[in-house]
Amino acid sequence: MPGIKELAKREEQMTGGHRLCSGCGAGIMARQVLLAASKHKVICTSSTGCLEVATTIFPYSSWKVPFFHSAFENSAATCSGIEAAYQALKRKGKVDKDIKFIAFGGDGGTYDIGLQSLSGAMERGHNMLYVCYDNGAYMNTGIQRSSASPRGSHTTTGPSGKVSYGKKQYRKDLTEIMASHHIPYAAQTSIGNWRDLTTKVEKALDTEGPSFINIFTPCRLGWAYDPAITIELAKLASDTHYWPMYEVVNGEYKLSYKPKEKKPYKEFLQLQGRFKHMLKNEELVNEIEEEIERRWNRLLKLCGEEVQQ
Amino acid sequence: MAEIKKKGWKELAHGDVLEAGTAAEFETGNWRSERPVRDMNKCISCLICWINCPDSAVILKDGKMTEEFDLKFCKGCGICAKVCPPKIQAIKMVPEKKSGK
Amino acid sequence: MAGDKVARTGNEAMAEAMRQINPDVVAAYPITPATEVAQLFSQFVADGKVDTEFVTVESEHSAMSACIGASAGGARAMTATASQGLALMNEMLHIASGLRLPIVMPEVNRALSAPINIHGDHSDTMASKDTGWIQINCENSQEAYDSIIQAVKICEHPDVLLPAMVSDDGFIISHCMEVIHMLSDDEAKKFIGEYKPERFLLDVDRPYTLGALDLQDYYFEHKRQEIEAMNKASKVIVEVGKEFGKKFGREYGLFEEYRMDGAELVILVMGSTAGTTKTVVRELRKNGIKAGLLKLRIFRPFPFKELSDALRGAKALAVMDRSDAFNSFGGPLFEDVRSSLYDLEKKPLITNYIYGLGGRDIGLDAIKGVYDDLKKMTETGKVEQVVNYLGVRE
Amino acid sequence: MAELLEIRWHGRGGQGAKTVALLFGEAALATGKYIQAFPEYGPERMGAPVQSFNRLCDDEITRHCQVTSPKIVVVLDETLIGQVDVTEGLQEDGSIIVNTTLSPGEMKDKLGLKSQKVYTVNASKIATECIKLDKPNTPMMGALVKVSDFLKLDGVIRDTEHKLKKKFAHKPEVIGGNLDSIKRAYEEVRGE
């Protein structure tokens, strides 16, 4: 897989001049995905969301590759349509290039409203990569709760208040749902680890059939932190076991990253305004930490790793 | 900033077809209150700042770091300074007003 | 008449048209009474009679999304739907037209829920009338077949580049076997020609962005373009209908004037009821009554100018709506027809009949009753009741 | 204008009332007539009483309303009588053909008809013997050809053979039996 020097030789497929927040994780995510993909000819679709809205404001587009957006809940279905067109036109000799397809969606457009469309596209086996950039809420519309929002987080539709600590539920495990589609490649990665991210994108694009990558992508606005620490925060999510990085290749689980030392979840929480109200609620934090460990240990077992007690 | 001339409805392409990469014409540098300054004596050209820049504002030449940042795009988030390895610390964020430019 | 004479249901006729078009991509989801169209087509795929990429999507929303993706990609894309399916795709209908994608969709008219009902009325397409789609309404299987083939040519015309839905009445036509004349596969292929989009996403060496955020500074211009395309569509529809007539003996226009020579009492109606009305008109004319029928074929773009010209001589006009607009003042067809007549110096007396909701049968006697009412109107010079409900129990 | 012939078929879901209307329609088309064939659709499943219809004419048929006063009614299943009003709307000079062991006279009494003609044929027996299945729809088509006197038997046989060859390409052994059943019912149908 390519080293950073190799990536640096490639042509950038995304220009600056987009209107994402300063320090936006999605900008980093998209750049790295496209760098990893740039040895191929690619066509990208995106669901409605920050990434789409801020990078394509008429008449300015940051995308140097063909890019298509139609609506919020259907990045996967739309991409599957283009992929189907490719299959047909290639068969008829009207397209001669080898082309790869990448559909982007945020967690709102993927975990929630777009889940059906994604599930359908994966089940049908289109030759495409779906990238979910998970920032744990509907950021584009103003930080509303999604099923990817972590328990206890403050969102504008699941706010903390006098009698509530914010979101009651744990995050839905979308990567597991995708792995259950028995697609050839499903993985979870993070912008905190460019090497892991670009490696997984390359692997996914080299996979015949549908693939899915869930990318942890901090949002400075929704999470309320100093934008300079975007990468640091993403790293912490994995070092606290909150966001494990792993892949499922033809049903085989493989852990991609194991922190040398697990960091307390509180270290991740205390850097973000969305968890400010939780810090004094030790009982809640402990409970969440336990659940994180339960999920982590389950994953370790799936990956054939030794479970530490 | 050179703005693209706004066309009338008869001149525009069908639908909202938009040429690729035109955002390169759009300046976001004016969002910045701090700018990165690189000390080329310290920089080891590890490219970590480059790969983690959300705005494609780290300028490479022949695959290596240069002193320059693309200030047309750089929004001054400070990620580059933060991800620079702790032992290197080649990038400093400097308030715009004091930068003298 | 050109072509093979065969017996086909409306759904079979639509599927045959699709087979001859041989689209690059078909993405479809089952829904009564249009299910058969996709089903029959999938058999054509399975038998190698077409080389279409057939995408068995998980919903109509995804069906239209996939068609939109495919069309933007550079493919000739089709789907088929009805009723709730059309309602579920509604969001994407606007996007298909807004992005100027020439998708052709056979649509089988069926009542909208609730209450749930699987039979034919026009509430589904009427609920989609403002989506920027061309809407072609068909009296029978023959028209459905001919119109789907014409629609491809209309939609892909550089002056148009809009999607079209071609509708016939659920069960009444979709499941009724009738005699139709089919073009040979070669004739159909030649008529529609090859699809050569000016730009398409799969042309990766000429990359562009489609579907960008369009704010106050550009949205209006793009919508103005779309409006112009719809304005120009009428002319293209007539041209294509004439060319079809010249080649195959069946000419089509924006509407059909049946026994309108000197007609004083006129019914204006769409779909299968027009056929039943023709039977009544023939009877009435035999008895010396100056009855006529104006069968509207193209509901979008609405041929307001041509209609008002055609109705100039009518003394009394009944507009028959197979759906209501829930605006407390008649059905959607009535609204548009009445508005079209506003500038006529001498307007016909005009009345509206809402009929046939949920597939309720409309027989010869009911239609004859409408002509009787029109006759009464011309005698008294008065419209007793503007909006009437025909065939409902009080 | 030539006369319009309207026919109503009664059967139970699964007996092929819809199929036979289509078959009969196509056979009529082959002779140059204009035709319609359509079932009545509802949520009914196997076993429920169902209806289907034919219209035949020398001229183009434009009407698309329901058939309310048929010239001929065909009843595939005798047990429907009493459960469904099979004679509803039957024209005064119309005919009804019933698959039954009863004679036309007995059936006429059972149906309480006066002016209309009643025909009977044991189509179930014919089907069981010819097709080895109680599928009375094809033999009843033979009876209808005889009674309606609208089509020629050999033409119908030819066309049906053509259709069945397509439909039963995977089991050609059933084709001969089906054709025989049409011929036999054509011969055996009796009227009063």
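Below, read A as the first sequence line, B as the second, and so on, with proteins coming before strands; counting in each chain starts at 1.
- In the displayed structure, C:Lys153 atom NZ is contacted under 6.0 Å by more than 12 heavy atoms of other residues, nucleotides or ligands.
- B:Ala20 and C:Pro207 get closest at one heavy-atom pair: CB-O, 3.4 Å.
- Summarising the geometry of C:Tyr218 relative to B:Lys5, their closest heavy-atom pair is OH-O, 3.9 Å, with the distance given to 0.1 Å.
- C:Leu99 and B:Asp16 get closest at one heavy-atom pair: CD2-OD1, 3.5 Å.
- Side-chain N or O atoms of C:Gln225 include one that pairs as donor or acceptor with a backbone N or O of B:Leu12 at under 3.5 Å.
- Contact between B:Val17 and C:Tyr208 at its shortest, heavy atoms only, is CG1-CD1, 3.6 Å.
- Applying the salt bridge (Lys or Arg N to Asp or Glu O under 4.0 Å) test to every pair with at least one member in residues 199-222 of chain C, sequence neighbours left out, gives these pairs: A:Lys41-C:Asp205, A:Lys97-C:Asp205, B:Glu19-C:Arg199, C:Asp203-C:Arg206.
- Within 6.0 Å of CZ in C:Phe54 there are more than 12 heavy atoms belonging to other residues, nucleotides or ligands.
- Heavy atoms from other residues, nucleotides or ligands lying under 6.0 Å from CD of C:Glu198 number 12 at most.
- Around the NZ atom of C:Lys189, the shell of radius 6.0 Å holds no more than 12 heavy atoms that belong to other residues, nucleotides or ligands.
- Environment of NZ in C:Lys223: crowded, with over 12 heavy atoms of neighbouring residues, nucleotides or ligands closer than 6.0 Å.
- Of the two parts of B:Lys10, neither the backbone nor the side chain holds a non-hydrogen atom closer than 4.5 Å to a non-hydrogen atom of chain C.
- To the nearest 0.5 Å, atoms CG (C:Asp159) and NE2 (B:His14) are separated by 7.5 Å.
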